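Below is one structure, written out as structure tokens; the observations come after it.
For ligands, and for the atoms within them, numbers begin at 1 and follow the listed sequence. None of these values were measured; they are calculated from a predicted model.
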Amino acid sequence: MTHTPQVEVEIPKLMDSHGRQIHDLRVSVTDRCNYKCVYCRSGESGALYSELEIGQYLRLIRLFISLGIQKVRLTGGEPLLRPGLLELVEELARLRTPGGGKLDLAVTTNGHLLPKLAAPLKAAGLGRLTVSMDAVDEIVFEEITRIPGSFKTVLAGIRAAKAAGFTSIKINCVLMRGFNDGQIEGFAKFARDEEVVVRFIEFMPLEEGRLWKPETVIPLPELVERISRVMPLLPIAARDVSETARRYTFADGVGEIGIIAPVSQAFCGACSRIRLTSDGKIRTCLFSQSEYDLYARMRMGESDEDLSAYIVAAVLGKEARHHIGEPGFLKPSRSMVHIGG
Ligand code: SAM
């Protein structure tokens, strides 16, 4: 009998100095956006930062994957505005993780260009799609996006994505007291009717303007109680420790909602994320005050080995947690639209 030796493949891991393994990379491909959502944009300024070439994102993302990144989410700004996005998705969809698995590839979009791009994105190999939608009422929706006609376009976009074959589409809804908290119950119905997963996100102080106040945040317990009053909720067990959303189904087992509560129930201790901005800077936390200029090193001609060492060092410097709501809290050096959410 012959014996086949087992070859142990060592899977590299990005680990921070707090013992957290980093396997989730968010990449902003532009900080331009065609919406002016009140909780994000001031309504005045546009893009502030440059964009790398598609080939440059690819080179950097490949390095991150070789170091243990398993999930890549393309975001912005509005990623669907970015010329070359389909080519980037096509190339990334072919990549394998060091363990030989398929890369978990997702896009977060406001959905405006999905009627045109959902089918091409699916054909390019995109795995998962998250669409931001902050109201199920047309008037409230357009008061938030400040773009006339946006409600019908986004709804058409979500339906185009379903028709293109995307399943388990996630809808991100940022809740703000006094703006869209009247939509909570409607969203519970929307999740069931449209067969989408609605994820309510607590409003964070990441907007361009100065709108955030602790009272504007609708904390998780209040949200669960309000939905349960109309449709009882049952918690769903977490799939892994770094899952950010608390997931629930309705008592009849139809539909799913999730609650992401970075303010009232921060999950920094289980954070597995790192971000690359459109201009090639590494941000180790949404609330970082500083960033690591990976692009500058690439432009200086550094080798893949040196760039990888720089990524490893940046991850080691990841902050332990954010300090939202604490005395002396400072807003980060960039707002959400310029970081990539
Ligand atoms: N344009 C795309 C979109 O609308 O989904 C991608 C970029 S957007 C910055 C990514 C996500 O960040 C969206 O789901 C948005 O709702 C969320 N977001 C933006 N500002 C936020 C804030 N201040 N607090 C919580 N989430 C926020």
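- With Y295 as the aromatic partner, K281 does not meet the cation-pi criteria of under 6.0 angstrom to the ring centre and within 45 degrees of the ring axis.
- For G77, a nitrogen or oxygen atom sits less than 3.5 Å from a nitrogen or oxygen atom of ligand 1, counting backbone and side chain alike.
- Using a 3.5 Å distance cut-off with no hydrogens or angles, the side chains of Q21 and S272 do not pair a donor with an acceptor.
- For a threshold of 3.5 Å applied to N or O pairs, the pair formed by N172 and ligand 1 contains at least one separation below that value.
- Geometrically, ligand 1 and M204 share a nitrogen or oxygen pair separated by less than 3.5 Å.
- Among all protein heavy atoms, the one lying closest to atom 10 (C) of ligand 1 is G341 CA, 3.8 Å.
- Residue T75 approaches ligand 1 through these ligand atoms, each under 4.0 Å from one of its heavy atoms: 6 (C), 7 (C).
- Classification of the H322-F287 ring pair by plane angle, with boundaries at 30° and 60°, yields tilted.
- Other residues, nucleotides and ligands contribute at most 12 non-hydrogen atoms within 6.0 Å of the CD atom of E195.
- Between S132, C40, C37, it is S132 that holds the heavy atom closest to atom 14 (O) of ligand 1.
- When non-hydrogen atoms are compared, ligand 1 lies under 4.0 Å from the backbone of T108 as well as from its side chain.
- Side-chain N/O atoms of T108 and T75 include no donor and acceptor closer than 3.5 Å.
- The nearest protein atom to atom 12 (O) of ligand 1, hydrogens excluded, is given as M336 CE, 3.5 Å; this is a heavy-atom distance.
- Interface of E202 with ligand 1, defined as ligand atoms under 4.0 Å from a residue heavy atom, comprises 25 (C).
- Nearest non-hydrogen protein atom to atom 8 (S) of ligand 1 is G76 O, 4.3 Å.
- With hydrogens and angles left out, the side-chain atoms of E51 and T30 include a donor and acceptor closer than 3.5 Å.
- Between Y39 and ligand 1, a contact under 3.5 Å exists for at least one N or O pair.
- V174 CG2, 3.4 Å is the protein heavy atom nearest to atom 26 (N) of ligand 1.
- We find that E78 and R32 are not joined by a salt bridge, their nearest charged nitrogen and carboxylate oxygen being 4.0 Å or further apart.
- In summary, D293 and R299 do not engage in a salt bridge, as defined by a charged side-chain N under 4.0 Å from a carboxylate O.
- Transitive grouping of hydrophobic side chains (ILVMFWY, heavy atoms separated by less than 4.5 Å) keeps L52 and V337 in distinct clusters.
- Residue-level proximity to ligand 1 for T109 is carried by the backbone, the only part with a heavy atom below 4.0 angstrom.
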